[in-house]
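Right, one structure below, let's go through it.
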Amino acid sequence: MKTVDCPLPFDSLADCLEWIEPRLLDAHQRHLGGEQVEAMPWWPAGYATDSEDRAFEIAVGAVLTQNTNWRNVEKALANLHAAKVLTAADILALEDENLAELIRPSGFYRIKTRRLKAMTCAWHEAGGLAALKNRPTGELRDWLLAIHGVGHETADDILLYALERPVWVIDTYTRRLFHRLGFPETAARKYDQLADDLLTHTQEPTATRLARWHGLIVEHAKAHCRVKPACAECPLRERCLHGVGRETIGRLPVLRLG
Ligand code: SF4
């Protein structure tokens with residue numbers, strides 16, 4: 001068997017994060033034709049003009065994006081916007097049947113109607129963004145997870161993008177990327193544990209930076225690290241266990257996350 005002198009493995013998750021961040025940034029910047037991505041907000045909330053409505057629109061998108069792709073969410077949000085009901089008070093005033101029809105493009109629309117109503121009710125009763133932004137992150141997370149239909153990923157989408165708290169959003173793309181980069185524990189790691197691992201090893205983990213991290217990973221997953229990965233042009237291939245190819249590597253490290 002042919003082996004190559006591969007620079008793997010990473011010494012640690014911190015080493016991995018430090019190495020891949022500038023490469024993902026550079027690749028994304030080139031993809032955008034040189035546009036500055038330092039302030040990349042990424043979460044595509046497009047209708048609201050003030051901070052309260054924008055935060056709520058993000059929370060609505062976080063519920064609607066469960067088990068579907070963003071294009072379908074965009075159609076549902078466009079319907080809500082066209083019907084002039086993209087606020088908490090307006091959604092609460094809508095009959096379930098009417099709301100279901102508006103969000104039908106996002107799929108599972110009857111389930112999502114109940115979930116969206118539950119999230120909206122909780123948001124409204126809590127006092128909206130003005131009240132929520134004064135609560136500690138851990139308390140907000142518990143509050144979100146207690147809402148019908150809000151799981152870890154949805155809660156962290158809302159925490160990070162709507163409430164601007166420094167949390168890692170763990171999704172399929174994140175697990176896939178770090179697993180392929182050489183961290184086999186990633187696949188089975190519990191959500192909270194993996195989120196803590198990544199947060200602990202992220203340099204200067206501000207909400208802005210973590211929002212950018214999540215956006216970069218999602219964009220990378222779409223461009224290269226798909227279910228069937230396009231490794232040939234991948235900016236991370238040089239140190240990716242999966243991309244280089246296990247069969248060509250003389251040593252097979254088992255990397256620990258901690
Ligand atoms: S080299 Fe392939 S498997 Fe590795 S990160 Fe890039 S696309 Fe994913």
Side-chain angles (χ1 to χ4, degrees), residues 1-35 37-38 40 42-44 65 67-71 152-153 156-157 160 167-191 193-205 209-258:
M1 179 186 295
K2 184 180 177 235
T3 60
V4 295
D5 185 15
C6 178
L8 285 164
F10 292 106
D11 292 333
S12 65
L13 193 53
D15 176 29
C16 176
L17 290 168
E18 189 177 342
W19 189 82
I20 70 176
E21 187 179 27
R23 285 159 181 81
L24 291 183
L25 260 177
D26 183 60
H28 189 62
Q29 201 147 323
R30 275 187 278 112
H31 176 69
L32 295 178
E35 192 176 315
V37 293
E38 280 303 316
M40 171 186 181
W42 190 74
W43 187 275
T65 201
N67 301 308
T68 193
N69 64 54
W70 188 256
R71 278 192 301 279
H152 292 280
E153 187 182 332
D156 284 341
D157 279 339
L160 179 59
V167 295
W168 263 87
V169 174
I170 307 299
D171 58 9
T172 306
Y173 302 137
T174 309
R175 287 187 186 276
R176 183 195 296 158
L177 175 63
F178 289 104
H179 186 262
R180 286 175 172 174
L181 284 169
F183 294 88
E185 293 178 9
T186 308
R189 198 79 158 164
K190 284 187 175 163
Y191 186 103
Q193 288 175 332
L194 184 54
D196 281 349
D197 292 335
L198 286 162
L199 190 64
T200 301
H201 292 98
T202 304
Q203 290 184 359
E204 299 172 34
R209 190 166 196 177
L210 295 176
R212 191 181 72 186
W213 255 116
H214 180 57
L216 288 173
I217 288 173
V218 173
E219 295 302 326
H220 176 66
K222 288 189 203 161
H224 299 286
C225 208
R226 306 172 200 132
V227 173
K228 187 176 178 187
C231 301
E233 303 296 324
C234 175
L236 308 183
R237 183 171 185 271
E238 184 188 340
R239 291 183 79 181
C240 176
L241 192 61
H242 189 95
V244 171
R246 280 175 178 270
E247 72 284 358
T248 66
I249 299 171
R251 54 201 167 130
L252 293 175
V254 175
L255 301 180
R256 299 274 169 211
L257 291 166

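Just follow the structure's listing: the first ligand is 1, and inside any ligand the first atom is 1.
Of the N and O atoms on the side chains of Thr202 and Trp168, at least one donor lies less than 3.5 Å from an acceptor on the other residue. A donor and an acceptor atom, one from each side chain of Thr174 and Asp171, are located under 3.5 Å apart.
Pairs passing the salt bridge (Lys or Arg N to Asp or Glu O under 4.0 Å) check and including a residue from residues 227-237, sequence neighbours excluded, do not occur.
Nearest heavy atoms, Arg176 versus Ala221: NH1-CB, 4.5 Å. Arg175 and Arg189 get closest at one heavy-atom pair: NH1-O, 2.7 Å.
The number of heavy atoms from other shown groups lying within 6.0 Å of OH (Tyr173) does not exceed 12.
The set of protein atoms (N, O or S) found at less than 2.8 Å from atom 6 (Fe) of ligand 1 reads Cys234 SG, by chain and number.
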